[in-house]
Each structure stands twice: as C-alpha cells, then as structure tokens.
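So the structure is just underneath, and the comments pick up after that.
Letters A, B, ... are given to chains in the order of the sequence lines, protein chains preceding strands, and every chain is numbered from 1.
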Protein chains: 2
Amino acid sequence: MALKSESGSNGESNGTVSIGLNAVIVAVTDEEPRLLTVRPSGRLRGQAGKGGRESGALPFGPLDPEKDRTLELGLTRWVREQTNLELGYVEQLYTFGDRDREPRSRSGGRRVLSVGYLALVREGQVAGREETSWRPWYEFFPWEDWRRGRPPLIDAAIEPALDRWVEGGKDPLRRQEHRERADITFGLRGAPWDGERVLERYELLYEAGLVFEARRDSELSSAGEPATGMGGRGEAGLVPGRSMVLDHRRIVATALGRLRGKIRYRPVVFELLPPTFTYLQLQRVVEALAGVRLHKQNFRRLVEKGGLVEGTGQLVSDTGGRPAELFRFRHEVLRERPTPGVGLPGVHS
Amino acid sequence: MALKSESGSNGESNGTVSIGLNAVIVAVTDEEPRLLTVRPSGRLRGQAGKGGRESGALPFGPLDPEKDRTLELGLTRWVREQTNLELGYVEQLYTFGDRDREPRSRSGGRRVLSVGYLALVREGQVAGREETSWRPWYEFFPWEDWRRGRPPLIDAAIEPALDRWVEGGKDPLRRQEHRERADITFGLRGAPWDGERVLERYELLYEAGLVFEARRDSELSSAGEPATGMGGRGEAGLVPGRSMVLDHRRIVATALGRLRGKIRYRPVVFELLPPTFTYLQLQRVVEALAGVRLHKQNFRRLVEKGGLVEGTGQLVSDTGGRPAELFRFRHEVLRERPTPGVGLPGVHS
DNA sequence: TATCCTTATGCTAAATTTGAGAATAAATAG
DNA sequence: CTATTTATTCTCAAATTTAGCATAAGGATA
C-alpha cells in the first residue's frame with residue numbers, strides 16, 4: 001500500500017482549521033519581567049478568576065491567509081495595528097493544537113490552532129490601549145521567582161499538595177512515577193531546581209489539579225472524568241498564581257522556559273535593554289528573567305570575557321554609590337563566538 | 001479602540017487553512033544519521049532533481065481535526081498506520097506557514113500550514129514500505145559533516161559562491177551585511193564554526209540561490225524577480241547536496257540544528273541507541289549527530305562524571321580489540337542533574 | 001571636613017573542569 | 001609469540017569557575 005503522501009492532494013490535510021496567533025510580549029521594567037495582557041472578553045470574561053483572582057489573556061489575532069505572506073509578518077502587523085508596538089525580536093514558540101484547549105463550543109465546530117510567539121521589546125515602550133496592561137510575569141508563576149531565595153510557597157503549598165497528588169495515585173507504580181516527576185520538576189527531596197523547566201512545572205500542577213485552569217476545564221468538560229485527584233471545590237487547594245484564559249498560561253510558561261534557555265547562548269537580553277546600560281542594569285535584567293540572583297563580580301567577568309559589551313566612556317552617577325560606566329552591546333561578538341550568551345555564574349550575590 | 005480580541009469570535013482567526021504534519025524521523029545506523037524519506041509524488045514528482053540528482057520528501061499526513069485529539073497523537077497515528085514505526089521520542093519543531101512555501105497552485109487556493117516534528121527511533125527499526133527509504137542525513141547537507149575534518153566543498157564551492165553573492169550586493173552597506181552574515185554562518189575568515197546554525201546556513205544558501213530549491217522556486221514564481229544573483233542556468237553554480245520537495249529541506253535543517261543543540265542538555269541520544277551499548281557506540285552516535293569527532297577518553301570521562309550511564313557487567317568482544325563493557329542509560333540521572341546531556345569535549349580523536 | 005554608606009570595579013587564591021595524551025589491559029590476526 | 005586494535009585508567013598542565021577580599025568614588029551626614 002502506498003503512503004498517503006502518494007495520493008493526489010500531496011497529502012497535506014483535508015479538514016480545515018483556523019489559525020490564531022498568540023503573542024507573549026515581554027519587557028523588563030523596574031527589575032520585573034512583565035508581559036502584555038489584554039482583558040478577557042466575550043464568553044471568556046469571568047471564566048477564570050471567579051474566585052476573586054482576576055484573569056488575563058494574551059493578545060492574539062487571526063492569521064489572514066490572504067494578506068499575510070508569513071506568520072511572523074501577520075503577527076507583527078496586527079500587533080502594530082492594535083498596540084502601536086513595533087516588535088523587534090520575534091521568535092516562534094510552539095503550535096498549540098489540542099482539541100480541548102478550548103473545552104466549550106469549538107468555534108462553531110471548527111478546530112482552532114494557535115501559534116504562539118515570543119516577542120521582546122525595550123523597557124519603557126508601552127501600548128497605549130486601555131484594555132491592555134503589563135503584568136509582572138511572576139504573578140502567574142510565583143514559584144518561578146527565586147531571587148529572594150526559595151519561594152516559601154513551594155514548601156508551604158506546592159510540596160504538600162503534590163504529596164497528596166502522589167499518594168492519590170491508583171497503584172504503587174503510578175505513585176512512584178508521580179513522585180519521581182514531582183521531585184524532578186520542582187526540585188524536591190534533594191533534586192536540583194532547573195530554571196528552564198517552567199512548562200513542565202505548570203503542566204504538572206495542571207495535571208495535579210492545582211491550578212485554576214485545571215478545575216475550570218474539568219468542570220466544563222461534560223463527558224470526561226476530572227483529572228486525577230481534584231474535585232470542584234472552588235479555589236480550595238489551589239496553588240497561588242494568577243490564572244489565564246484558555247491555555248494562555250501554558251503558552252506563557254513555554255515562553256519563559258524558552259527565554260531562560262536562550263539568554264545563555266544568544267545575546268537576546270539586549271533586546272530588553274536601552275542602547276546603553278550599566279553592568280548592574282544588565283545583571284538585573286538577566287536575574288529577572290532567570291529568576292535568580294547572581295554573583296556580581298563574576299557576572300561582570302563573564303560578560304567581559306565573553307566580549308558581549310564595550311564601554312562608552314560615559315558615566316552615570318545616579319547609582320547610589322560610585323558612578324558606573326555605560327556599556328553597549330558589541331555586535332562584533334556575533335562573529336567571534338559560537339554561543340554568545342550570558343552564562344549564569346553561581347547564584348546569590 | 002478595542003483590541004480585536006474583544007470581538008465576538010474570540011479573535012482566533014476567520015480564514016481557514018489546512019494543516020499538514022511533517023515528520024523528520026531520524027535513526028542512526030552504521031555511524032550515519034539517516035532520515036526516513038518518501039518518494040515525491042503527483043505534481044511534485046520530478047519537480048526537484050531534474051538535473052540528475054534525485055529528490056526526496058518527508059513523510060507527511062493531514063491533521064484530522066475530528067479524530068486527532070492532539071497534534072502529536074495525530075502524527076504518531078498516521079506514522080504508525082503508514083510505516084509501522086512506533087515513535088518514541090517526538091518533539092515539535094516549528095510551524096511553517098509562508099505562503100510561498102508551495103509556489104504553484106496553493107492547494108486550490110487554500111493556504112497550507114505544516115507543523116514539523118522531530119522523531120527519534122532506535123537503530124535497526126525500519127519501515128517496510130517500498131516507497132520509503134532511509135537516507136543519510138548528510139547527503140542533504142554535505143557541508144555539515146566535519147567528522148573527517150572541514151569538508152572540502154566549503155572552500156571549493158561554498159566560499160567562492162558566497163563571495164560572488166556578496167560582491168553582487170547592490171550597495172556597499174548591503175555587501176557588508178552579506179559578508180558579515182556569510183562569515184558568521186559558515187565560519188569564514190576566522191569566524192568559528194557553530195554546529196547548531198544548520199538552518200541559518202541552509203537559508204543563506206537558499207537566499208544566495210545556491211541550492212536547487214531556490215532556483216526551482218524562482219522559476220516557478222511567475223511574477224517575482226528571481227532572488228539576488230541567480231538565473232535559470234540548470235544546475236550550474238549550485239552547491240552539492242540532495243534537494244527536497246517544497247520546503248522539506250528547510251524542515252530537516254531545523255531538525256538537525258535542534259537535535260544538535262538538544263543532545264547537550266537532554267539525554268536524547270539514548271533514544272537512538274539499543275538498550276545497552278558500549279561507550280564507543282554512544283560516542284559514534286553523538287559524533288554522527290554533532291558532525292564532529294570527539295576525544296575518546298575525555299568523552300568517556302564526561303559521560304561518566306555526568307552519571308548518564310551505568311555498567312551492566314557484560315562484555316562484548318566483537319570490537320576488534322579488547323572487549324568493551326555494555327552500559328545502559330541511567331534513568332536516575334534525571335533527578336540528579338539539571339541538564340543531563342552529553343557535553344561535547346574538544347573535537348578530534 | 002571626616003565618617004559612613006553605597007555601588008563600582010579590580011584582583012586573587014582555591015577548587016573544578018578541560019584538553020591532550022601516556023600507559024596499561026585484553027582481545028584478534030598473522 | 002608479535003603486532004595491531006580497541007578499551008580503560010591515569011596524569012599533568014592549562015583554563016575556568018567560585019567565593020571573597022580590597023580598593024575606588026560617589027552621596028549623605030554628624
């Protein structure tokens with residue numbers, strides 16, 4: 001038998017779907033990474049956050065198959081039209097196509113895929129629309145911010161809840177797997193914390209029914225059994241953290257994980273900084289993204305040795321101490337080093 | 001004005017497109033990374049390779065919006081149905097949606113997006129269909145295989161061709177940019193070679209009109225001017241390397257780059273190996289993927305220290321020398337180290 | 001003004017990791 | 001038995017990283 005690809009239409013799909021583009025637009029202001037959110041609307045309004053915690057949504061727009069030559073151009077076009085933001089760095093993240101990503105009416109029976117993008121903009125730029133706001137990233141993922149040490153909510157809320165989830169496993173083998181997975185993703189019982197596993201952590205919490213979206217989705221799905229170990233008990237037993245509409249928090253988790261990985265081998269941080277900056281500014285932005293504090297002198301040495309920046313000779317004296325020199329990104333580094341990123345020196349200052 | 005997302009349909013697209021899933025299925029046999037290709041068919045047959053060099057296509061299948069709950073399940077379903085292969089490791093690569101990816105008739109006017117996946121299968125497994133074949137990866141990208149040193153075709157064919165491309169730039173600024181880009185992506189004029197920039201290299205060659213696909217696409221597009229610096233001169237001036245249908249070679253380039261990056265921080269190599277293996281087998285697979293030779297003793301030390309494998313006590317004596325011990329992947333490493341990959345020690349044996 | 005506080009920047013000693021290869025072990029081919 | 005081949009263990013020097021110490025240079029304040 002021949003492969004399907006041998007058949008007439010070249011095998012590239014028969015059923016149709018519509019495509020939405022979602023943008024995770026990130027900026028860092030006041031040492032806080034933020035993302036641009038819009039207020040959820042229509043039948044999504046109030047879907048999340050009924051328990052008092054308000055919810056957000058990512059900006060999105062449809063792909064216009066006629067006008068938009070490429071996905072990325074489509075994205076930058078409607079972002080420009082809607083928010084006046086001119087996206088510099090844009091990177092495709094992932095295409096989300098689970099049928100259940102929108103549990104209720106499936107857009108009139110039509111399947112909706114959404115292509116997620118990560119975009120970085122300079123500090124200070126803001127969209128002027130009323131419905132949009134820059135929200136601190138870590139409001140959605142409080143357990144990801146280790147800049148002031150291990151977040152207390154891990155021991156206080158997450159670990160015990162995950163323990164319950166593990167215990168609730170059907171058979172010993174299942175429980176063993178759950179235990180393993182919980183330990184690895186959240187660095188429990190001596191396992192190390194891996195800053196890049198943002199998505200794994202969110203998905204584990206979802207599976208364990210510990211984030212709002214999980215409960216919302218299971219309540220909405222008329223047929224299916226609810227995910228392991230959760231019932232419709234309001235917000236009781238939920239882990240802290242602002243929820244989002246549909247699967248948007250998952251998309252943001254993907255973005256954060258990707259960005260944390262990327263800063264280490266590509267000079268993307270500079271997309272978030274003004275043209276000139278001090279070493280400390282640079283360090284604060286890296287720390288904000290990585291979610292950890294870094295050793296100042298070693299960070300400096302690493303960046304220096306990497307040839308990532310060059311001094312401008314100018315000094316700024318609003319540092320609260322000795323004036324600091326302003327540096328700028330050294331473009332030439334791109335042709336000198338294979339992986340010009342900011343290696344993260346050991347944590348803590 | 002409100003964002004579009006405020007409007008009724010939740011903003012997620014209006015126009016419809018169809019979705020194809022493309023799989024880059026990789027195995028390593030005889031120290032050679034190979035990918036599963038199918039013979040191009042229908043109006044694609046003979047589109048590429050008319051100059052004698054035959055062309056290939058990636059296996060693909062449509063997404064069935066009704067049946068397939070998730071994209072990944074859809075992929076594994078039709079791969080299983082068509083090839084009997086049971087995909088273990090599957091990773092989404094990228095969604096390709098350029099309108100011009102298929103220059104001619106656009107599937108009856110309907111836009112086609114394709115979601116590319118990377119799948120790893122164990123050495124030895126092969127699909128039984130006649131129309132499929134495992135082709136060495138580096139036939140498509142001869143310049144990526146540095147295991148026997150810098151590929152001569154870089155100096156012989158690529159560098160001079162890129163020089164011409166650079167010289168053909170319209171203005172000095174353009175030429176400067178082209179020069180920079182050529183140097184960085186191909187490691188010319190003292191710039192280092194970065195094994196992970198596979199896609200950048202392919203795209204540069206495409207832009208410079210040095211791969212078959214570029215010429216094919218520009219000939220097919222009735223309206224547009226041909227890309228800089230190429231004309232319809234048969235295969236003259238093309239860089240060696242087997243071409244593929246549509247944008248499939250671009251997808252494969254994405255896969256190779258991603259895989260090269262990934263082996264360094266996730267233990268994915270083991271997906272390509274039998275359950276037990278010798279150090280040299282492991283090393284050969286890593287070398288095959290990375291496209292470089294590694295220092296044997298240091299590689300061993302690195303893998304050992306990383307706790308990636310554990311000895312089985314069994315020996316195999318078909319090594320041609322002293323018998324080697326068989327090792328297996330140590331699952332526990334996942335909970336011990338944040339980034340359990342095979343760091344690449346310095347090149348050369 | 002002298003002192004203290006703060007941040008910036010330079011420097012170093014110890015510990016680790018890496019790069020290159022010598023040395024030894026254990027098989028097979030003649 | 002000897003040469004050859006691959007496996008495995010060690011060593012040593014060079015490079016990098018970690019964790020601080022020390023000095024510089026502002027502003028604030030007694």
Side-chain angles (χ1 to χ4, degrees), chain A residues 30-31 192 264-265 276-287 290 292-328 336-349, chain B residues 30-31 149 192 264-265 273 276-287 290 292-328 336-349:
Chain A
D30 300 327
E31 310 193 354
R264 298 199 320 198
Y265 59 96
T276 67
F277 45 83
T278 67
Y279 262 107
L280 192 57
Q281 279 180 299
L282 172 59
Q283 181 177 342
R284 290 301 183 220
V285 173
V286 172
E287 289 174 338
V292 291
R293 286 234 162 276
L294 305 174
H295 183 284
K296 191 170 177 175
Q297 296 95 320
N298 289 345
F299 177 80
R300 188 189 184 91
R301 181 167 45 78
L302 232 57
V303 172
E304 207 161 48
K305 188 176 57 66
L308 284 164
V309 301
E310 62 190 356
T312 66
Q314 295 172 70
L315 298 181
V316 287
S317 38
D318 58 349
T319 55
R322 170 174 169 179
E325 185 172 2
L326 285 173
F327 292 80
R328 73 168 71 89
E336 295 166 359
R337 303 174 63 83
T339 56
V342 285
L344 309 180
V347 292
H348 222 295
S349 165
Chain B
D30 301 328
E31 310 192 354
R264 296 197 321 195
Y265 61 96
L273 282 161
T276 66
F277 44 82
T278 67
Y279 262 108
L280 192 56
Q281 280 180 301
L282 171 59
Q283 181 178 344
R284 290 300 183 223
V285 172
V286 172
E287 289 174 339
V292 291
R293 286 232 162 279
L294 305 174
H295 183 282
K296 191 171 177 174
Q297 296 95 319
N298 290 345
F299 176 79
R300 189 189 184 89
R301 185 180 51 187
L302 234 56
V303 172
E304 207 161 48
K305 188 175 56 67
L308 284 164
V309 299
E310 62 191 356
T312 65
Q314 295 174 71
L315 297 181
V316 286
S317 39
D318 60 347
T319 55
R322 168 175 171 177
E325 185 173 2
L326 285 174
F327 292 79
R328 74 168 70 89
E336 295 166 1
R337 302 174 62 82
T339 56
V342 285
L344 309 181
V347 291
H348 222 297
S349 167

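- With rounding to whole Å, A:R300 atom CZ is found 18 Å from D:dT17 atom C1'.
- Across the protein-nucleic acid pair, A:L344 atom CG and D:dT17 atom P stand 12 Å apart, rounded to whole Å.
- Whole-Å rounding puts the A:Q283 CD to C:dT7 C1' distance at 12 Å.
- Separating the CZ atom of B:F277 from the P atom of D:dA7 is a distance of 14 Å, rounded to the nearest angstrom.
- The rotation axes computed at either terminus of the helix from C:dT1-D:dA30 to C:dG30-D:dC1 lie 10° apart, taking five pairs at each end and rounding to 10 degrees.
- Note: CG (B:L280) to P (C:dA27) measures 18 Å, nearest angstrom.
- Within the structure, salt bridge (charged side-chain N to carboxylate O under 4.0 Å, His left out) pairs that include any residue of residues 304-325 of chain A comprise A:E310-A:R328 (at least two apart or interchain).
- Applying the salt bridge (Lys or Arg N to Asp or Glu O under 4.0 Å) rule to B:R300 yields no partners; only residues at least two apart in sequence or on another chain are considered.
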Completion exercise
Expected string for nucleotides 19-30 of chain D under the B/S/- scheme (protein heavy atoms, under 4.0 Å, primed atoms plus P, OP1, OP2 as sugar-phosphate) is BBB--BBS----

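- Residues B:V286 and B:F299 are in side-chain contact: their nearest non-hydrogen atoms beyond the backbone lie under 4.5 Å apart.
- Residues forming a side-chain hydrogen bond (donor to acceptor under 3.5 Å, both in side chains) with A:R337 (at least two apart in sequence, or on another chain): none.
- Residue B:K296 has a polar side-chain atom (N or O) positioned under 4.0 Å from OP1 or OP2 of D:dA7.
- Side-chain atoms of A:Q283 come within 3.5 Å of backbone N or O of A:L294 as a donor-acceptor pair.
- Residues A:V303 and A:V342 form a side-chain contact, since some pair of their non-hydrogen atoms from C-beta on lies under 4.5 Å apart.
- At whole-Å resolution of the value, CG in A:L282 and C1' in C:dT7 are 16 Å apart.
- In this model, the phosphate group of D:dT17 is approached by a side-chain N or O of A:K305 to a distance below 4.0 Å at OP1 or OP2.
- Rounded to a whole Å, the OH atom of B:Y279 is 8 Å from the P atom of D:dT8.
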Practice task
Starting from the C-alpha separation in whole Å, work towards a yes-or-no answer on side-chain contact (heavy atoms from CB on, under 4.5 Å) for B:L280 and B:T319.
Solution key: CA-CA 9 Å; B:L280 192 56; B:T319 55; over 6 Å; no

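- One interatomic measurement links the two molecules: CZ of B:F299 to P of D:dT9, which rounds to 15 Å at whole-angstrom precision.
- Legend: residues meeting ring pair (Phe, Tyr, Trp, His ring centres under 6.0 Å) with A:Y279, ordered by chain and number and at least two apart, are A:F327.
- Contact of the A:T278 side chain with the A:L326 side chain is registered, since non-hydrogen atoms from C-beta on lie closer than 4.5 Å.
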